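Notes follow the structure.
Note that the coordinates shown come from a computational prediction; the quantities given were computed from them, not determined experimentally. For the single chain, residues carry numbers from 1 onward in sequence order.
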Amino acid sequence: MMYKMRTLIGALALLTTTLAPAAEVASIDSPGKVLTVGVTLNGEGRPGYTIARHGAPIVGESRLGFIFADAPKFERNFTLAGKATSSFDETWEQPWGERRFVRNHYNELRVALLDNHEPHRTLDVVFRVYDDGVGFRYEFPDQPTLHNVNIVDELTEFDIVEPATAWWTPAGEWNRYEYLYRHTPLAELSQAHTPVTIKCASGLHIAIHEAALVDYSSMWLRRVDGQRLKAALSPSSQGARVQRTAPFTTPWRTLQIADNAGGLYMSDLILNLNEPNKLGDVSWFKPYKYVGIWWEMHLGTSSWASGPKHGANTANAKRYIDFAAKNGFRGVLIEGWNQGWDGDWFANGESFSFTKPYPDFDLKAVTDYARAKGVHLIGHHETSANIAHYEAQLGDALDLYARLGVDSVKTGYVADAGGVKALGADGKIHFEWHDGQVMSRHHLHVVTEAARRHIAIDAHEPIKDTGLRRTYPNWVAREGARGMEYNAWGEPVNPPEHEANLVFTRMLGGPMDFTPGVLSLVGQGGRQIQSTIAKQLALYVVIYSPIQMAADLPENYAKYPGPFQFIKDVPADWSDTRVLNGEVGDYVTFARKDRNSDDWYLGSLTDENARALKVSLDFLDDGRDYLAQIYRDADDADWHTNPHAIVIETRKVHRGDVMELRLAPGGGEAVRLVAAGKRRGS
Ligand code: NOJ
Ligand code: CA
């Protein structure tokens with residue numbers, strides 16, 4: 001009886017401690033006092049954090065912590081061992097990008113947590129609080145009892161307070177990042193890739209993502225209950241999803257927070273949380289546009305494999321080089337040039353040679369020909385995700401390209417999720433995920449090896465973009481979502497809302513090699529691209545990348561010389577970017593300023609609904625004449641019934657004028673605003 005009584009008292013005591021409300025042990029405001037982060041410890045010593053905006057809670061108490069493979073977990077029994085705050089305000093210059101200057105202005109809170117059970121290990125959590133978002137990361141100090149850190153689970157949570165809906169793609173599925181976006185109540189999200197974009201009932205927008213994903217596994221988000229999301233790390237063949245040696249820091253867990261969708265895109269949080277450029281002078285990379293032996297393979301009219309349909313033959317390469325030279329494109333991508341594409345190349349990554357061309361492709365003659373015309377080849381390394389095989393050839397492959405003046409390489413990792421073949425420490429092949437720790441290491445290995453040779457990298461079927469272009473500015477673009485290729489063979493093709501989804505989800509991570517500009521608007525077997533021709537032009541302004549493809553066939557561009565002029569004119573590098581309006585998945589309008597002239601460009605697009613949008617040209621210089629070269633949907637344009645109906649017209653405009661954009665269903669508008677040489681009256 002006595003014993004039972006004691007257990008009961010013990011249980012009650014435990015219950016009261018458990019239910020004791022979490023106490024805030026530290027807090028910090030953003031520089032403009034918009035956001036406040038609180039750090040909490042509950043009655044069990046379980047660490048957590050909260051976020052409030054203008055005093056109202058937006059992220060409720062959310063857990064922090066880890067579970068390890070071979071050490072007691074970090075979840076309870078913590079006390080605060082110390083806290084420190086600091087402020088930072090600096091403006092830095094991007095070598096290329098959406099804007100030239102980026103302000104990095106935050107207040108930082110560092111808390112040291114002490115496990116008050118033996119062996120008394122410690123963990124630091126660092127919060128950087130901006131007016132437009134929050135980043136936090138864990139810092140593992142080296143300590144004898146936690147030197148080798150084998151993480152099986154990260155306990156980080158994001159508990160969104162206000163009722164909300166979310167735009168997301170499923171994580172952990174076979175097709176990596178290449179899913180259509182779902183728009184559901186947040187309480188119906190299952191497991192998602194980041195960025196996940198959330199719209200609260202009040203209109204507040206929140207995007208959860210990560211920054212500086214280095215030597216760590218990608219964070220997926222799994223819904224626990226209600227609107228509480230939890231980090232789920234991408235798997236590893238090793239059991240522990242992350243294996244590190246202390247000291248080390250995790251990637252930043254990020255929340256971009258804004259009044260509207262445009263505010264999410266305007267936030268530079270992800271870039272700011274990355275380390276500054278580690279490559280030094282990167283002036284050897286300049287943004288450019290390119291064409292390529294590419295769409296014809298996706299249409300099936302030519303092949304990557306050798307044989308009568310082989311696309312990458314010397315004569316065809318010269319034809320593309322001539323086309324590029326004539327129309328001012330710097331680059332020509334040539335896929336299928338190297339041996340290994342015959343048979344089932346999705347599965348046979350071990351067949352690829354990255355130095356041996358097919359006999360009908362004279363690599364030296366082609367690069368000589370290109371050089372003479374001022375054109376640069378874009379190299380191609382499809383690995384079919386056999387990175388063991390690729391890494392063994394990487395040095396030789398990059399040396400070959402460097403010798404020939406090929407200064408960009410598109411890499412590819414076609415294989416189902418979980419199908420990456422990597423060489424383990426045991427000398428055996430292990431199967432890994434495209435977004436696990438092994439791939440985070442692999443991509444940076446390729447990028448840094450390429451940088452040593454002044455080569456830029458554009459990865460397809462990549463790991464997601466977390467802003468590493470700031471640190472490694474030769475990692476210029478990647479895929480990581482459904483691109484144009486789905487309009488060639490997709491089941492289904494990309495729907496009209498796809499790009500309006502991408503802008504406020506995938507594009508928050510960074511540049512995408514979407515490969516726009518298919519003016520013919522047809523894929524394989526007569527598949528109709530769900531876009532008007534004007535929308536194809538708008539994509540050059542809307543979907544940012546410092547390398548922009550003109551993806552269609554030369555013979556198709558010959559059919560549309562009027563619209564093609566815009567593709568020739570539009571730059572791929574900007575000194576400034578503004579989102580003029582937009583709603584996730586519905587529509588968006590961008591204004592971007594050319595980095596190399598005073599011209600502005602405007603790009604607007606819509607989903608399946610026609611729209612009339614008014615935009616004020618208040619970004620233009622005061623008192624200056626601009627000639628607007630307008631490429632708009634004709635009044636009777638419609639992606640389905642009349643996709644090629646476009647009006648091209650010019651008119652004079654000035655700062656403060658209001659332009660009315662009339663977008664057709666599946667439509668868009670592109671405008672070049674050419675600045676007159678002199679100011680009026682000057
Ligand atoms: C998939 C890439 O996204 C595409 O651009 C490329 O043509 C094929 N893989 C072949 O490498
Ligand atoms: Ca792809």
Side-chain angles (χ1 to χ4, degrees), residues 66-70 137-138 140 148-156 169-179 191-196 208-222 230-245 248-253 349 383-391 394 411-448 457 459-468 472 475 478-481 506 509-510:
F66 291 92
I67 294 181
F68 305 108
D70 47 4
R137 74 177 180 193
Y138 302 92
F140 282 80
N148 292 315
V149 182
N150 296 309
I151 299 170
V152 289
D153 198 10
E154 183 178 319
L155 301 177
T156 310
T169 54
E173 298 297 329
W174 71 273
N175 207 14
R176 306 172 308 271
Y177 300 110
E178 297 172 15
Y179 287 91
Q191 180 164 267
H193 285 298
T194 71
V196 165
I208 306 177
H209 189 41
E210 57 183 311
L213 170 53
V214 177
D215 202 359
Y216 204 86
S217 162
S218 294
M219 179 179 74
W220 304 341
L221 293 175
R222 180 165 58 75
K230 178 189 166 300
L233 300 178
S234 174
S236 159
S237 67
Q238 301 304 298
R241 292 168 183 218
V242 177
Q243 299 185 317
R244 293 290 295 269
T245 308
F248 74 94
T249 59
T250 68
W252 295 94
R253 279 64 189 91
T383 68
S384 298
N386 188 332
I387 64 164
H389 182 70
Y390 181 42
E391 286 177 358
L394 182 65
T411 57
Y413 298 87
V414 171
D416 288 357
V420 171
K421 291 182 185 166
L423 193 63
D426 57 2
K428 295 190 182 135
I429 294 294
H430 293 269
F431 285 87
E432 302 291 348
W433 285 68
H434 282 73
D435 54 357
Q437 184 183 14
V438 165
M439 283 308 272
S440 76
R441 285 187 185 158
H442 168 77
H443 283 289
L444 271 188
H445 175 57
V446 173
V447 162
T448 48
I457 295 293
H460 278 232
E461 300 78 51
I463 196 166
K464 65 183 165 183
D465 198 337
T466 57
L468 283 166
Y472 305 98
W475 197 350
R478 70 188 89 190
E479 195 186 37
R506 161 68 184 81

Answer yes or no: is there an ion pair linking Arg241 with Glu154, defined by an N-O contact shorter than 4.0 Å? no
Within the side chain of Glu210, is there an N or O that forms a donor-acceptor pair under 3.5 Å with the backbone of Met219? yes
For Lys230 and Asp153, what are the C-alpha separation, side-chain angles and deciding distance, and is it a side chain to side chain contact (heavy atoms under 4.5 Å, CB included)? CA-CA 10 Å; Lys230 178 189 166 300; Asp153 198 10; 2.9 Å; yes
Contact list for residues 417-444, test salt bridge (charged side-chain N to carboxylate O under 4.0 Å, His left out), sequence neighbours left out: Asp215-Arg441, Glu350-Lys421
Considering non-hydrogen atoms only, spot the tightest contact between Gly480 and Tyr177 and give its length. O-CB, 3.5 Å
Check: His442 ring centre within less than 6.0 Å of Tyr413 ring centre: yes
Rounded distance (nearest 0.5 Å) linking atom CD of Glu461 with atom OG of Ser384: 9.0 Å
List in chain and number order the residues that pass salt bridge (Lys or Arg N to Asp or Glu O under 4.0 Å) with Arg506, two or more places apart in sequence or in another chain; answer none if no residue qualifies. none
Does Thr466 reach the main-chain N or O of Leu213 with its side chain, forming a donor-acceptor pair under 3.5 Å? yes
Mind checking the CG-CD1 spacing from Leu444 to Ile457? Nearest 0.5 Å is all I need. 11.0 Å
Measure the spacing between CH2 of Trp433 and OG of Ser234 and express it to the nearest 0.5 Å. 6.5 Å
State which residues pass side-chain contact (heavy atoms from CB on, under 4.5 Å) with Thr169; sequence neighbours excluded, sorted by chain then number. Tyr179, Tyr181, His193
Gap between atom CG of Leu233 and atom CZ of Arg222 - 0.5 Å precision: 10.5 Å
So, does Ser236 use its side chain to make a donor-acceptor pair with the main chain of Gln238 at under 3.5 Å? yes
Among all residues two or more places apart in sequence or in another chain, which pass the side-chain contact (heavy atoms from CB on, under 4.5 Å) test with Thr250? Phe66, Arg137, Tyr138, Phe140, Tyr216, Phe248
By ring pair (Phe, Tyr, Trp, His ring centres under 6.0 Å), which residues pair with His434, not counting sequence neighbours? none
Find the distance between CZ (Arg176) and NE2 (His460) and round it off to the nearest 0.5 Å. 11.5 Å
Would the distance check show the side chain of Asp416 and the main-chain N or O of Gly419 forming a donor-acceptor pair, the cut-off being under 3.5 Å? no
What closest approach, in Å, do Gly172 and Trp220 show between heavy atoms, and which atom pair accounts for it? CA-CH2, 3.5 Å
Any donor-acceptor N/O pair, His445 side chain to Glu391 backbone, under 3.5 Å: no
Who are the side-chain contact (heavy atoms from CB on, under 4.5 Å) partners of Ala240, not counting sequence neighbours? Ala69, Asn150, Val152, Gln243
Does the side chain of Tyr390 reach to within under 4.5 Å of the side chain of Thr411, using non-hydrogen atoms? yes
Residues Gly509 and Pro195: closest non-hydrogen pair is N-CG, 4.3 Å
Can you see whether Trp475 has Arg478 sitting over its ring - NZ or CZ less than 6.0 Å from the centre and within 45° of the normal? yes
Is the shortest heavy-atom distance from the side chain of Val149 to the side chain of Thr245 under 4.5 Å? no
May I ask you to check whether Thr194 and Lys464 show a side-chain donor-acceptor distance below 3.5 Å? yes
Below 4.5 Å, heavy atoms only, C-beta onward: do Met439 and Ile387 meet side chain to side chain? yes
Supply the atom-to-atom distance Ile67 CD1 to Leu155 CG, rounded to the nearest 0.5 angstrom. 4.5 Å
